[in-house]
Amino acid sequence: MTALFALFASALVAATILPMQSEAVLVTLLLAAKQPAWLLLLTATAGNVLGALINWFLGRFLLRFQNKRWFPASEPQLARAQGWYHRYGRWSLLGSWLPIVGDPLTVVAGLMREPLLPFLLLVTLAKAGRYIVLAAITLAWFA
């Protein structure tokens with residue numbers, strides 16, 4: 001149970017703007033083979049989607065603080081992010097698994113008032129897909 005909690009926590013933190021590598025934890029647990037692969041995939045996906053949901057909520061309520069000195073984005077940066085999201089729309093959430101741009105993308109989706117259900121569906125598909133591919137490669141090459 002401790003290993004599953006560690007995987008869930010690392011996946012959750014990895015989906016926020018904090019640096020964390022949940023993939024290394026998943027690969028380690030897959031190779032240890034103490035839990036079924038499907039349970040590890042479900043746990044990692046749930047944690048990662050919950051982290052993205054936290055980002056969505058942050059984005060949703062972040063604009064009310066736009067005029068504060070500590071606000072993390074300048075007006076041009078915010079306009080650029082919103083323009084990018086307008087251009088590519090909700091389908092860009094399929095890239096939420098990508099390093100560097102994926103996590104801010106989920107914040108921007110909240111800023112842009114993306115409805116929760118499409119957000120969750122696309123982000124879950126993207127993040128589960130990444131973990132499934134990683135597990136398939138790990139189990140095919142190393143197990």
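Just so it is clear, the structure is predicted and the values come from calculations on it, not from any experiment. We number each residue from 1, following the sequence as shown.
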Among all residues two or more places apart in sequence or in another chain, which pass the side chain to side chain contact (heavy atoms under 4.5 Å, CB included) test with [X]?
| X | answer |
| --- | --- |
| L58 | I54, N55 |
| P104 | none |
| S74 | P76, Q77 |
| L94 | W91, L122, L125 |

Residue pairs involving [range] (criterion side chain to side chain donor-acceptor pair (under 3.5 Å); sequence neighbours excluded):
| range | value |
| --- | --- |
| residues 113-123 | Y85-E114, R90-E114 |
| residues 29-40 | none |
| residues 61-71 | Q66-E75 |
| residues 9-20 | none |

Nearest-0.5 Å distance, [atom1] of residue [X] to [atom2] of residue [Y]:
| X | Y | atom1 | atom2 | answer |
| --- | --- | --- | --- | --- |
| D103 | W97 | CG | CH2 | 12.5 Å |
| L121 | F119 | CG | CZ | 11.0 Å |
| L134 | L139 | CG | CG | 9.0 Å |

Practice task
Please assess L105 against L98 for the test side chain to side chain contact (heavy atoms under 4.5 Å, CB included), listing each intermediate value before the final yes or no.
Solution key: CA-CA 10 Å; L105 183 59; L98 292 166; over 6 Å; no
Problem - Side chains of W56 and L120 in contact at under 4.5 Å (non-hydrogen atoms) - result: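 A side-chain contact is absent here, since even the closest heavy-atom pair is not under 4.5 Å.
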Practice task
State, yes or no, whether a side-chain contact exists between F71 and L78 at a heavy-atom distance under 4.5 Å.
Solution key: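 Heavy-atom side-chain distance check passes, below 4.5 Å.
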Shared ILVMFWY cluster between [X] and [Y], side chains joined below 4.5 angstrom?
| X | Y | answer |
| --- | --- | --- |
| L63 | F65 | yes |
| F61 | M112 | yes |
| V133 | L40 | yes |
| I137 | I132 | yes |
| L117 | L53 | no |

Problem - Minimum-distance pair of heavy atoms, taken over all atoms of V123 and A52 - result: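 Here V123 and A52 meet closest at CG1-CB, 3.7 Å.
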Problem - Least distance between heavy atoms, L7 atom then S22 atom - result: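 Reported closest heavy-atom pair: CD1-O, 4.2 Å.
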Exercise for the section: Enumerate the residue pairs fulfilling salt bridge (Lys or Arg N to Asp or Glu O under 4.0 Å) with a member in residues 8-22, sequence neighbours excluded, ordered by first and then second residue. Expected result: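 Non-adjacent pairs meeting salt bridge (Lys or Arg N to Asp or Glu O under 4.0 Å): zero.
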Exercise for the section: With sequence neighbours excluded, give me every salt bridge (Lys or Arg N to Asp or Glu O under 4.0 Å) pair touching residues 43-52. Expected result: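 Listed by first then second residue: nothing to list.
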Problem - Residues forming a ring-ring contact (aromatic ring centres under 6.0 Å, His included) with Y88, sequence neighbours excluded - result: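 Only W84 meet the ring-ring contact (aromatic ring centres under 6.0 Å, His included) criterion with Y88.
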Please output the side-chain donor-acceptor pairs of residues 44-51 that fall under 3.5 Å, not counting sequence neighbours, one pair per line with the distance.
from	atom 1	to	atom 2	distance (Å)
T45	OG1	L41	O	2.8
N48	OD1	K127	NZ	3.0
N48	OD1	R130	NH2	2.7
N48	ND2	A11	O	2.7
N48	ND2	Y131	OH	3.4

Practice task
Determine, stepwise, if the pair T43 / L26 fulfils side chain to side chain contact (heavy atoms under 4.5 Å, CB included).
Solution key: CA-CA 9 Å; T43 302; L26 177 61; over 6 Å; no
